[in-house]
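Written below as structure tokens is the structure these notes are about.
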Amino acid sequence: VLALDPLPLAASASNLLAAREQMAFTLGFHIVLSCIGVALPAIILVANYIGLKKGDEDAIELARRWSKAMAVTFAVGAVTGTVLSFEFGLLWPEFMDRWGGVFGVAFAIEGIFFFIEAIFLAIYIYGWKRLGGWAHFWSGVPMVITGIGGAFSVVAANAWMNQPQGFTLNAAGKVVDTDPLKVLFNPATSYEVPHMLLAAYMVAAFLVASIYAVGMLKGRRDRLHRLGLLIPLTIGLIVTPIQLFVGDTAARAVADHQPAKFAGMECIQETGTHQTEWVGGICTDDGVKWGIGIPDLDSFLVGWSADTKVIGLNDIPVDERPPANTLLHLSFDAMVGIGTALLLLGVWVAVVWWKKRDIPQTPWFLRAVAISGAASVLALWCGWIVTEVGRQPWIVQGYMRTEEAVTEADGIWFSFGFVLLLYIGLGTIAIKVLRGMSRRWREGAAEPDGTPYAPPDEAAP
Amino acid sequence: VSRADSAAAILWVGATFYALFGGADFGGGFWDLIAGDAKKGERPRALIQRSLTPVWEANHVWLIFILVILWTAFPPAFSAIFTTLYVPIALAAVGIVLRGAGFAFRKSVEGLEAQRAAGAAFALSSVLTPFFMGAVVGAIATGNVPADGNGDPFSSWLEPLPLLTGALFVASGAYLSAVFLVGDARRAGEDDLERYFVRRALAAAAVAGVAAAVGLIELHAEARYIFDRLIDQGLPLVILSVLCGLGLLVVLMRGGRRPLRPLAAGAVVAVIWGWGVAQFPYLLPTSLRIDQAAAPDPTLDVIFVVFGIAAVLVLPSLALLYTLTQKDLLEGEH
């Protein structure tokens, strides 16, 4: 097919777009599951701990149910994560060829964490009946630690793509020496890792809380539902203010380390002091249109003074400017906006708790919690759009352009289309399965027992 | 032994564990696929379900381990393999998704038809995935992956030896699985199931043996470098594999109880290391040597540290998981 193509360059440009879309889609799908995998164990263990410590049957029941749901999300996360490691080679072979020996160390370490997580997850999920109370609880603790370690390793690899260091190149551009510690602890690790880790806890916590908020809105106000709302919501609301602080630090570091990304997401056209902070709007070559502008605030946020100089796109070579500045700008605003809204939700809970020693249970409050899960997922995606699209045209900032990394193989659009359909099916069935579980628990119905698709009339012994 | 050779040995250790445990899990799917209709297949499927449920995800991580070690320690080899064999690799990736999701869903999705569809996805992809993985390995051994990559995406693996290797992967997974299930059936006190899987282990052993023998002939024709070294430096391992296989046949046919699993594992492990010895010092015979493909020393040192940690933390954890499973302390059905 390639031989028949009159414009091989166009073919490779087309491959680049297809490969980027497939990577973005599969990563966006997987990252929700990995957030659940990283943070849900901790939420489950909090419920498990309360249950054991206070003899609270409802808390134990919640931990048991959440762990069964986690069995499904972990299975889907394990296979979609495997797809990503295949895609490294299938979509970005030149990236791996040249840099695999450098940033690969982060994934080698991640392998250990993933292994231990998978092992203890199985022991915890399937150990409810026959491993006793506290022994069972402790079998779950490694999941929490390895979730944090795994997130560190993977995000450190991404941080390295933003702030590459820890390698020596020869004249031909080949890596001839590495410094693994510098790779792992590159400048971006210090803010990307905590930012993502806290995001994982927010996503998992608000997703679980939102499920119980929906239940309470439907009139299920029993203790199980209140506790199912309270435990994850408390965790999410504790994490949120810390996340806003970390995110603010991260934005300043991006302004410093990756001025092109920062100029793109803030739509700064001209380098200078007294930059206006724009909220919303469309980014054009003349700056933001139809946004709300706050004079001097952008400079102030970057350096605590209106006199802070912020680099604009005019100082970035044309072929090194990030694409889709409106997308970057709106994604960044949406992420910050959702984070701020979740912070206000926490203030709401705190005020009511201080007055009434109880969480608010008005319909409007429950509606707010009900959308908090989807909102935090949206914020997660927006954050990754800013990080990844904002780094373009680079795959390794300053060292390798994404177009140099992409495969020359045929059929990437076909592969993207196929993966799209496959994952839509996968996601639909996973949600159906989780909803089915929830309905069975609610109705007190029996789990499907025995063998899958055994004859219905002859129950297993 | 150089650093690069040690890293290659670690890669082979990962491949060995994946072939044994991941391979047996694929084999479970194979027996599930051909277990017959719902009524006939109910009890074998129940046993397979119980055996696989707590362990398949942990076993699957060996594949991630192999990929990560390959791209970190030998990045040009990773890139060359993926730019040449992307068709069978992509098909294997699809198989991994369908198998894992199918297995997780077939128990928990509602409605018999949906369960059947999920189960079929699991069982069918349990056969196709190892087949395509075997085709990839066979294509590498045949010498069809050039060091610079971008080899022919079809003729590189649509050849007798790669396809035969795919079949061998399926057969040896089925063989391992049947032997493991004999033990599981015995533990559960289900005598008829024990006989059921003894028969299947014997059949799978025969098929795997024939595939291996034909493979040897094909090696002679298509991959002379490997063949020559296999019957020279690799000969002790080939003999060991044959002895283990024959020993297992004798034990099975006499209804013996021990040592089933070590013999079955020994037959497979000896083949994997025989292949490694025969391929040495090439990673991609005969265009890319291990030392040519190796990453800088500090990176390889990280691989050694990771492997050391894996030996101290992961292997005991895996042993704990298997022990709990074998003592029936984990429910096969959640």
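We use all heavy atoms of the structure for the numbers below, so side chains are in, but hydrogens, waters and symmetry mates are not. Just so we're clear, the structure is a prediction, and the values are computed from it rather than from any experiment.
B:Pro153 does not touch chain A: none of its heavy atoms, backbone or side chain, sits under 4.5 Å away. The part of A:Leu422 that comes within reach of chain B is its side chain, from C-beta onward, which places non-hydrogen atoms under 4.5 angstrom from that chain. Using a 4.5 Å cut-off between heavy atoms, B:Ala295 contacts chain A through its side chain alone, with no backbone atom that close. Residue B:Leu300 does not touch chain A at all, counting heavy-atom pairs closer than 4.5 Å. In this structure, chain A has a heavy atom under 4.5 Å from the side chain of B:Ile64, while its backbone stays farther away. Contact annotation for A:Ala430: both backbone and side-chain heavy atoms come within less than 4.5 Å of a heavy atom of chain B. Of the atoms belonging to A:Trp128, heavy atoms from both backbone and side chain fall under 4.5 Å from chain B. Using a 4.5 Å cut-off between heavy atoms, A:Phe74 contacts chain B through both its backbone and its side chain. Contacts between A:Val176 and chain B at a heavy-atom distance below 4.5 Å involve the backbone alone (N, CA, C, O). Interface remark: A:Val76 contributes side-chain atoms only to the contact with chain B (heavy atom separation under 4.5 Å).
Options A:Val83, A:Ile116, A:Asp97 differ in how many heavy-atom pairs under 4.5 Å they form with chain B, and the most are formed by A:Asp97. Of the listed residues (A:Pro142, A:Ala409, A:Ser415, A:Gly127), the greatest number of heavy-atom pairs within a distance under 4.5 Å of chain B belongs to A:Ala409. Of the listed residues (B:Asp37, B:Val55, B:Leu70, B:Val302), the one with the most heavy-atom contacts under 4.5 Å to chain A is B:Val302. Options A:Ala78, A:Gly81, A:Gly104 differ in how many heavy-atom pairs under 4.5 Å they form with chain B, and the most are formed by A:Gly104. When each of B:Asn59, B:Ile81, B:Leu321 is scored by its heavy-atom pairs under 4.5 Å with chain A, the top score falls to B:Leu321.
By the 4.5 Å heavy-atom criterion applied to side chains, A:Leu426 and B:Phe105 are counted as neighbours. Counting only heavy atoms from C-beta outward, the side chains of A:Ile119 and B:Val61 never approach each other to under 4.5 Å. B:Ser317 is listed as a side-chain neighbour of A:Phe120, based on a closest heavy-atom distance under 4.5 Å. In this structure the side chain of A:Phe114 never reaches within 4.5 angstrom of the side chain of B:Phe65, judged on heavy atoms. Residues B:Pro298 and A:Asp177 have side chains in contact (heavy-atom distance under 4.5 Å, counting atoms from C-beta outward). For the pair A:Phe115 and B:Leu318, the minimum side-chain heavy-atom distance is below 4.5 Å.
When all heavy atoms of B:Leu330 and A:Ile123 are compared, the pair lying nearest together is CD2-O, 3.7 Å. What you find for A:Phe86 and B:Phe82 is that their closest heavy atoms are O-CE2, 3.4 Å. The minimum heavy-atom distance between B:His60 and A:Thr82, with the atom names listed, is NE2-OG1, 2.6 Å. A:Ala75 and B:Trp56 get closest at one heavy-atom pair: CB-CZ2, 4.0 Å. When every heavy atom of A:Met437 is checked against every heavy atom of B:Ser108, the shortest pair comes out as CE-CB, 4.4 Å. Annotation for B:Glu57 and A:Ala71: closest pair OE2-O, 4.4 Å, computed over non-hydrogen atoms.
Counting non-hydrogen atoms of other residues, nucleotides and ligands closer than 6.0 Å to OH of A:Tyr399 gives a total of 12 or fewer. Other residues, nucleotides and ligands contribute over 12 non-hydrogen atoms within 6.0 Å of the CZ atom of B:Phe304.
With rounding to the nearest 0.5 Å, the separation of CH2 in B:Trp71 from CZ in A:Phe107 is 5.5 Å. With values rounded to the nearest 0.5 angstrom, B:Thr53 atom OG1 is found 11.0 Å from A:Ile125 atom CD1. Interatomic distance, A:Phe113 CZ to B:Ile309 CD1, rounded to the nearest 0.5 Å: 8.0 Å.
When atom types are taken as modelled, the side chain of B:Thr299 and the backbone of A:Gly101 share a donor-acceptor pair closer than 3.5 angstrom.
Checked against B:Glu110 for a salt bridge (Lys or Arg N to Asp or Glu O under 4.0 Å), the options A:Arg439, A:Lys432, A:Arg435 give a single hit: A:Arg439.
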Only distances under 3.5 Å count here; give the side-chain donor-acceptor pairs of residues 83-100 of chain B to other protein atoms, sequence neighbours excluded, each with its distance to 0.1 Å.
| from | atom 1 | to | atom 2 | distance (Å) |
| --- | --- | --- | --- | --- |
| B:Thr83 | OG1 | B:Ser79 | O | 2.9 |
| B:Thr83 | OG1 | B:Ala80 | O | 3.3 |
| B:Thr83 | OG1 | B:Asn150 | N | 2.9 |
| B:Thr84 | OG1 | B:Ala80 | O | 3.0 |
| B:Thr84 | OG1 | B:Asn150 | N | 3.4 |
| B:Thr84 | OG1 | B:Gly151 | N | 2.9 |

Trace of the side-chain contact (heavy atoms from CB on, under 4.5 Å) decision for A:Ser85 with B:Val68: CA-CA 8 Å; A:Ser85 22; B:Val68 168; 5.8 Å; no
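Taking the salt bridge (charged side-chain N to carboxylate O under 4.0 Å, His left out) definition, one finds that B:Arg3 meets it with B:Asp297, B:Asp301, sequence neighbours left out.
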